[in-house]
**Student:** 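Got a structure for you, written out below as structure tokens; questions coming shortly.
Here the structure is a predicted model, which is why all the values come from computation and not from measurement.
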Amino acid sequence: METFADFLDRHNDPRLTLENLPAVYAGYPLLGNTAGELAALAGNKITRFCLDFPHLACTANYRHLSFVDELERFESLDVALHHLSNIRQGSITDEHLALDHPDSGLNLSAVFARLRRHPDVPTTLEYKQDSADVYARQVKVFAGLWDRAGE
């Protein structure tokens, strides 16, 4: 925490945007997993945030928290961007899975409710396979899920 604050003192830039991370990666704890932790890290130096839905779901699973409650806490932050992909049911690992993965573990109804409340915040799909085919298919999947979520 102190090192990050020192970094911000030396490199204060209004373009900085802070993204939430999963609670652990490869067995190592990470900082900035929840809205409260991001706000504490940002202090008064960073005012914009990126809400990564699967990172938050992994954190909720790892810490045995309610994803919906943790998602609600982001309402107090100036979220400038959303990242979206999927995770496996109960997973603590962000794998950047397809939205229609058969072992889907992301609460898409809560995610889509947030997206509908914040239509001005861009949402990017985020996959490890950097292929136009993957993204083209997932955009279609997203559109179908979006339509069904609005019913």
Side-chain angles (χ1 to χ4, degrees), residues 4 7-8 11-39 41-42 45-63 65-151:
F4 189 73
F7 170 84
L8 290 179
H11 304 286
N12 192 14
D13 187 324
R15 297 172 294 176
L16 289 175
T17 302
L18 198 56
E19 176 180 344
N20 63 301
L21 297 175
V24 294
Y25 178 76
Y28 294 98
L30 302 177
L31 293 175
N33 316 129
T34 64
E37 291 173 15
L38 285 182
L41 279 170
K45 305 280 182 167
I46 296 177
T47 60
R48 296 167 16 118
F49 300 89
C50 173
L51 169 52
D52 189 303
F53 294 111
H55 289 177
L56 187 61
C58 289
T59 293
N61 290 338
Y62 181 77
R63 294 185 179 174
L65 302 171
S66 163
F67 174 76
V68 172
D69 290 347
E70 293 305 310
L71 186 59
E72 180 65 28
R73 289 181 174 90
F74 275 83
E75 295 294 325
S76 66
L77 299 180
D78 181 12
V79 174
L81 181 66
H82 296 124
H83 284 173
L84 180 60
S85 60
N86 209 342
I87 66 167
R88 294 177 199 276
Q89 187 71 37
S91 181
I92 63 168
T93 304
D94 180 25
E95 298 178 76
H96 299 96
L97 299 178
L99 294 176
D100 57 345
H101 191 276
D103 193 20
S104 175
L106 187 64
N107 183 338
L108 289 173
S109 62
V111 168
F112 284 123
R114 162 130 185 133
L115 296 180
R116 288 189 193 285
R117 285 191 312 274
H118 299 279
D120 55 323
V121 177
T123 300
T124 61
L125 298 175
E126 197 176 41
Y127 300 107
K128 290 184 179 182
Q129 301 161 327
D130 193 15
S131 147
D133 293 340
V134 168
Y135 282 92
R137 189 174 97 54
Q138 286 300 294
V139 166
K140 289 179 183 174
V141 169
F142 177 90
L145 292 168
W146 180 263
D147 290 344
R148 282 193 294 283
E151 294 173 353

**Student:** Whether the side chain of Ser76 engages the backbone of Arg73 through a donor-acceptor N/O pair (distance < 3.5 Å, no angle test) should be reported.
**Tutor:** yes

**Student:** Quick one: list whatever passes ring pair (Phe, Tyr, Trp, His ring centres under 6.0 Å) with Phe7, sequence neighbours left out.
**Tutor:** His11

**Student:** I'd like to know if Arg137 pairs up with Asp100 as an ion pair, taking the criterion as any Lys NZ or Arg NE/NH1/NH2 lying under 4.0 Å from an Asp or Glu carboxylate oxygen.
**Tutor:** yes

**Student:** Residues in ring pair (Phe, Tyr, Trp, His ring centres under 6.0 Å) with Tyr127, at least two apart?
**Tutor:** Tyr135

**Student:** Out of curiosity, Leu106 CG to His101 NE2, how far, rounded to the nearest 0.5 Å?
**Tutor:** 13.0 Å

**Student:** Quick one: closest heavy-atom pair of Val68 and Ala110, and the distance?
**Tutor:** CG2-CB, 4.0 Å

**Student:** Would you call Glu37 and Arg63 a salt bridge, taking side-chain N to carboxylate O under 4.0 Å as the test?
**Tutor:** yes

**Student:** Compute whether any side-chain donor of one residue and acceptor of the other, for Asp78 and Thr47, lie under 3.5 angstrom apart.
**Tutor:** no

**Student:** Side chains of Asp94 and His55: do they bring a donor and an acceptor to under 3.5 Å?
**Tutor:** yes

**Student:** Leu81: which residues meet the side chain to side chain contact (heavy atoms under 4.5 Å, CB included) condition with it, sequence neighbours left out?
**Tutor:** Cys50, His83, Pro122, Thr124

**Student:** May I ask you to decide if Ser91's main-chain N or O and Asn61's side chain share a donor-acceptor pair within less than 3.5 Å?
**Tutor:** yes

**Student:** Are the side chain of His118 and the backbone of Asp120 linked by a donor-acceptor contact shorter than 3.5 Å?
**Tutor:** no

**Student:** What are the two closest heavy atoms between Leu56 and Asn20, and how far apart are they?
**Tutor:** N-ND2, 3.5 Å

**Student:** Which atom pair, heavy atoms only, marks the closest approach of Leu8 to Leu41?
**Tutor:** CD1-O, 3.7 Å

**Student:** Salt bridge check, Arg114 against Glu75: does any charged N sit closer than 4.0 Å to a carboxylate O?
**Tutor:** yes

**Student:** What heavy-atom pair brings Ile87 and Ala57 nearest, and what distance separates the two atoms?
**Tutor:** CD1-CB, 3.6 Å

**Student:** Could you walk me through whether Leu30 and Val24 pass the side chain to side chain contact (heavy atoms under 4.5 Å, CB included) test, one step at a time?
**Tutor:** CA-CA 6 Å; Leu30 302 177; Val24 294; over 6 Å; no

**Student:** Please evaluate residues Phe74 and Leu77 with respect to the criterion side chain to side chain contact (heavy atoms under 4.5 Å, CB included), reporting the C-alpha separation (whole Å), side-chain torsions for both, the decisive distance (0.1 Å), and the verdict.
**Tutor:** CA-CA 5 Å; Phe74 275 83; Leu77 299 180; 3.9 Å; yes

**Student:** So, using side chain to side chain contact (heavy atoms under 4.5 Å, CB included) as the criterion, who are the partners of Thr123 when residues are at least two apart?
**Tutor:** His82, Leu84, Leu115

**Student:** Short question: side chain of Asn86, backbone of Leu97 - any donor-acceptor pair under 3.5 Å?
**Tutor:** no

**Student:** Would you say the side-chain atoms of Ser109 and Asn107 include a donor-acceptor pair closer than 3.5 Å?
**Tutor:** yes

**Student:** Run Phe53 and Leu71 through side chain to side chain contact (heavy atoms under 4.5 Å, CB included) and show every step you take.
**Tutor:** CA-CA 8 Å; Phe53 294 111; Leu71 186 59; 3.6 Å; yes

**Student:** Do you know which two heavy atoms are closest between Arg15 and Asp13, and how far apart they sit?
**Tutor:** NH2-OD2, 2.6 Å

**Student:** Measure across Glu126 and Ser85 and return the closest heavy-atom pair with its distance rounded to 0.1 Å.
**Tutor:** O-CB, 3.2 Å

**Student:** Which residues pass the ring pair (Phe, Tyr, Trp, His ring centres under 6.0 Å) test with Tyr25, sequence neighbours left out?
**Tutor:** none

**Student:** Considering residues at least two apart in sequence or located in another chain, which fulfil the ring pair (Phe, Tyr, Trp, His ring centres under 6.0 Å) criterion with Phe112?
**Tutor:** Phe142, Trp146

